[in-house]
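For reference, the structure discussed in these notes is given below.
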There are 2 protein chains.
Amino acid sequence: MERHEELFVSIRKIIRAIDIRSRKLSKEAGVTGPQLIILQELARIKGVTAKEVSTQVNLSQATVTNILDRLESKHFIKRVRSESDRRRVALFLTDEGKEALLNAPQPIEESFVETFSALKDWEQFQLLSSVERIAEMMGASGIDAAPVLNLGDLDSHNQAQDNKND
Amino acid sequence: MERHEELFVSIRKIIRAIDIRSRKLSKEAGVTGPQLIILQELARIKGVTAKEVSTQVNLSQATVTNILDRLESKHFIKRVRSESDRRRVALFLTDEGKEALLNAPQPIEESFVETFSALKDWEQFQLLSSVERIAEMMGASGIDAAPVLNLGDLDSHNQAQDNKND
DNA sequence: GAATAATAATTAGTAGTCTAATCATTACAG
DNA sequence: CTGTAATGATTAGACTACTAATTATTATTC
């Protein structure tokens, strides 16, 4: 097998690992990975719009709507049509949503973060730049992907309100 | 942003790049990435079963059935129930399927393969082992992922017929 | 040889993801 | 002010992907 094929094997393993994590999350915490990421975003910026979320987490608006629908049907979020601009819909966590968020583990396997953080600095850098380089080579340079955002901050800094335009 | 978060950003970029490639493929060649991979597998082993494909390309049997349905409705494959063991269904490319396969580009962007292959050996190795290490850390060690298989071989070595059991 | 296991394929149901199209509303231009 | 842009959200339609359940068939066991 060629090197680049082996590379793809590993990439697909990573993709599956992420998928598996998401399903596990869904079973244990009642929310999937993407749902969790969006909940975190709503926690970070109160009254954020779907558009803003979609920019921040770098998913299409349609995907965000889709996920919001599910979160809403679980009563984890509220949609409030804006009065000043009736095209916009402001998004808020419900108490249930906050609860779910607090009880949910990280979207990434904790053990991964631990293991990774325990590596020497240059090793971390090594891994990171390898992956970045591959992303680059795959023409992914133009793509903006979202970080898997940090939890915390349920009630702090919701002042990052005004990022209307990119 | 933390290192491991940056890492995830890059991983997600890669995932999206693969997705984008698949959609492009679908538009230009009439088959998506996964469909192409499965077509290649059918080309490699004539009369392969869905079970075998699912093991080889490392997707669940249900997913394979799903993709086969689409390939069948495009008349790219034929399903033939085995006489000797009526649980099994042997899979074959139709002439149309072979045609599609020959005209389709690689599931991976050619430019990637070129760029990657042009790297020095130790660099390739470097990238590969970084990704492998990450896969490992993500608990993906138990996961068996398929290579994105090589085309070619439309009429050669179909002697790898007898891998019934893993 | 009949009951039980295992195996192969499929179906049912859920999710994420995208593009393109639609709808409502606001902004802008003349 | 009225008609055309642009913008934000949603809907429609495809596809991948999974687990669990079902169906049909073969293998095994008593």
Side-chain angles (χ1 to χ4, degrees), chain A residues 12 15-27 30-38 48-55 57-74 79-91 107 143 145-146 164-166, chain B residues 12 15-27 30-38 47-55 57-74 77 79-91 107 143 145-146 164-166:
Chain A
R12 289 183 48 165
I15 294 172
R16 289 194 81 188
I18 291 172
D19 186 44
I20 286 167
R21 172 61 172 172
S22 177
R23 284 172 208 275
K24 193 178 160 201
L25 220 56
S26 169
K27 223 171 210 166
V31 282
T32 65
Q35 287 170 15
L36 184 51
I37 290 172
I38 287 184
V48 70
T49 67
K51 180 68 201 305
E52 284 158 3
V53 171
S54 106
T55 307
V57 307
N58 223 266
L59 292 171
S60 75
Q61 229 167 315
T63 300
V64 171
T65 293
N66 194 356
I67 295 173
L68 289 175
D69 286 346
R70 259 176 228 117
L71 290 172
E72 194 177 35
S73 74
K74 286 178 187 163
R79 281 163 152 144
V80 182
R81 196 116 228 162
S82 157
E83 281 305 316
S84 57
D85 183 343
R86 305 196 45 70
R87 288 169 303 185
R88 287 162 182 257
V89 172
L91 302 166
I143 297 171
K164 254 106 202 174
N165 41 8
D166 0 337
Chain B
R12 290 185 45 167
I15 293 173
R16 290 194 80 191
I18 291 172
D19 186 45
I20 286 167
R21 173 63 172 171
S22 176
R23 284 172 207 275
K24 193 178 158 200
L25 222 54
S26 169
K27 221 170 212 170
V31 282
T32 64
Q35 287 170 14
L36 184 51
I37 290 171
I38 287 184
V48 70
T49 67
K51 180 69 199 307
E52 285 158 1
V53 172
S54 107
T55 307
V57 307
N58 222 265
L59 292 171
S60 75
Q61 228 168 317
T63 299
V64 171
T65 293
N66 196 352
I67 295 173
L68 290 175
D69 286 345
R70 257 177 229 114
L71 289 173
E72 195 178 34
S73 73
K74 286 178 187 163
I77 66 160
R79 280 163 152 142
V80 181
R81 195 116 229 163
S82 157
E83 281 306 316
S84 56
D85 182 343
R86 303 196 46 71
R87 289 169 302 184
R88 289 161 181 257
V89 172
L91 301 167
I143 297 172
K164 255 107 203 174
N165 42 5
D166 359 340

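Letters A, B, ... are given to chains in the order of the sequence lines, protein chains preceding strands, and every chain is numbered from 1.
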- Message: Expressed as a whole number of angstroms, how long is the span from A/Ile37:CD1 to C/dT17:C1'?
- Response: 13 Å
- Task: Could you tell me which non-hydrogen atom of B/Gly47 sits nearest to which non-hydrogen atom of B/Ala90, and how far apart they are?
- Result: O-CB, 3.6 Å
- Task: Output the single nucleotide from C/dA12, C/dC18, D/dG8 whose closest atom is nearest the side chain of A/Lys51.
- Result: D/dG8
- Between C/dT17 (P) and A/Leu59 (CG): distance, integer Å: 5 Å
- What nucleic acid atoms does B/Ser84 come within less than 4.0 Å of, heavy atoms only: base, sugar-phosphate, or nothing? sugar-phosphate
- In whole angstrom, what separates B/Ile38's CD1 from C/dA9's P? 12 Å
- Task: Look at all strands and tell whether A/Ser22 reaches a base, only sugar-phosphate, or nothing, counting heavy atoms closer than 4.0 Å.
- Result: nothing
- Query: Which comes earlier along DNA chain C counting from the 5' end, the contact point of B/Leu68 or that of A/Thr32, where each point is its nearest nucleotide?
  - Reply: B/Leu68
- Query: Using a cut-off of less than 4.0 Å, is there contact between a side-chain N or O of B/Thr65 and OP1 or OP2 of C/dT10?
  - Reply: yes
- Minimum heavy-atom distance between A/Arg81 and A/Arg87, given as atom pair plus value: NH2-O, 3.1 Å
- Item | Length of the CG-P vector between B/Leu25 and C/dC18, whole Å | 18 Å
- Note on the structure: Under the rule of Watson-Crick or G-U wobble with both distances under 3.5 Å, where | means paired to another strand and [ ] a crossing pair, DNA chain C maps to ||||.||||||||||||||||||||.||||
- Note on the structure: What one should report as the nearest heavy-atom pair of A/Leu91 and A/Ala50 is CD1-N, 3.8 Å
- Task: Considering just the side-chain nitrogens and oxygens of A/Arg88, establish if one lies under 4.0 Å of OP1 or OP2 belonging to C/dT26.
- Result: no
- Task: Describe the nucleic acid contact of A/Lys27 in one word from base, sugar-phosphate, nothing, applying a heavy-atom distance below 4.0 Å.
- Result: sugar-phosphate
- Message: Closer than 3.5 angstrom, by distance alone: can the side chain of B/Thr65 be matched with the main-chain N or O of B/Gln61 as a donor-acceptor pair?
- Response: yes
- Task: Return the 5'-most residue of the pair A/Arg70, A/Asp85 with respect to DNA chain C, ranking by each residue's nearest nucleotide.
- Result: A/Arg70
- Query: Starting at CG of B/Leu91 and ending at P of C/dA9, how long is that distance when rounded to a whole Å?
  - Reply: 7 Å
- Task: Determine: side-chain N/O of A/Thr63 to OP1/OP2 of C/dG16, distance under 4.0 Å, yes or no.
- Result: no
- Message: Just confirming the chi classification of C/dA8, syn or anti, using 90° around 0 as the syn window.
- Response: anti
- Would you mind classifying the nucleic acid contact of B/Asp19 as base, sugar-phosphate or nothing, using non-hydrogen atoms under 4.0 angstrom? sugar-phosphate
- Task: Considering non-hydrogen atoms only, spot the tightest contact between A/Ile67 and A/Pro34 and give its length.
- Result: CD1-CB, 3.8 Å
- Message: Restricting to non-hydrogen atoms, name the atom on A/Val31 and the atom on A/Lys74 that form the minimum distance, rounded to 0.1 Å.
- Response: CA-NZ, 4.2 Å
- Within the structure, does a side-chain N or O atom of B/Arg23 lie under 4.0 Å from either OP1 or OP2 of D/dA14? no
- Judged by whether its glycosidic angle lies within 90° of 0, C/dA6 is anti
- Query: Rounded to whole angstrom units, what separation is found between the CZ atom of A/Arg81 and the C1' atom of C/dA24?
  - Reply: 8 Å
- Message: Any donor-acceptor pair, under 3.5 Å, between the side chain of A/Arg86 and the base of C/dT25, if you only look at N and O atoms?
- Response: no
- Atom-pair distance (CZ on B/Arg87; C1' on C/dT10), nearest Å: 15 Å
- State, with a plain yes or no, whether a side-chain heavy atom of A/Ile15 is found less than 4.5 Å away from one of B/Ile18. yes
- Name the residue closer to the 5' end of DNA chain D, choosing between A/Ala50 and B/Glu83 according to the nucleotide with the nearest heavy atom. A/Ala50
- Below 4.0 angstrom, N of the basic side chain to O of the carboxylate: do B/Arg12 and B/Asp19 qualify? no
- Task: Rounded to the nearest angstrom, tell me the gap between atom CD in A/Gln61 and atom C1' in C/dA21.
- Result: 14 Å
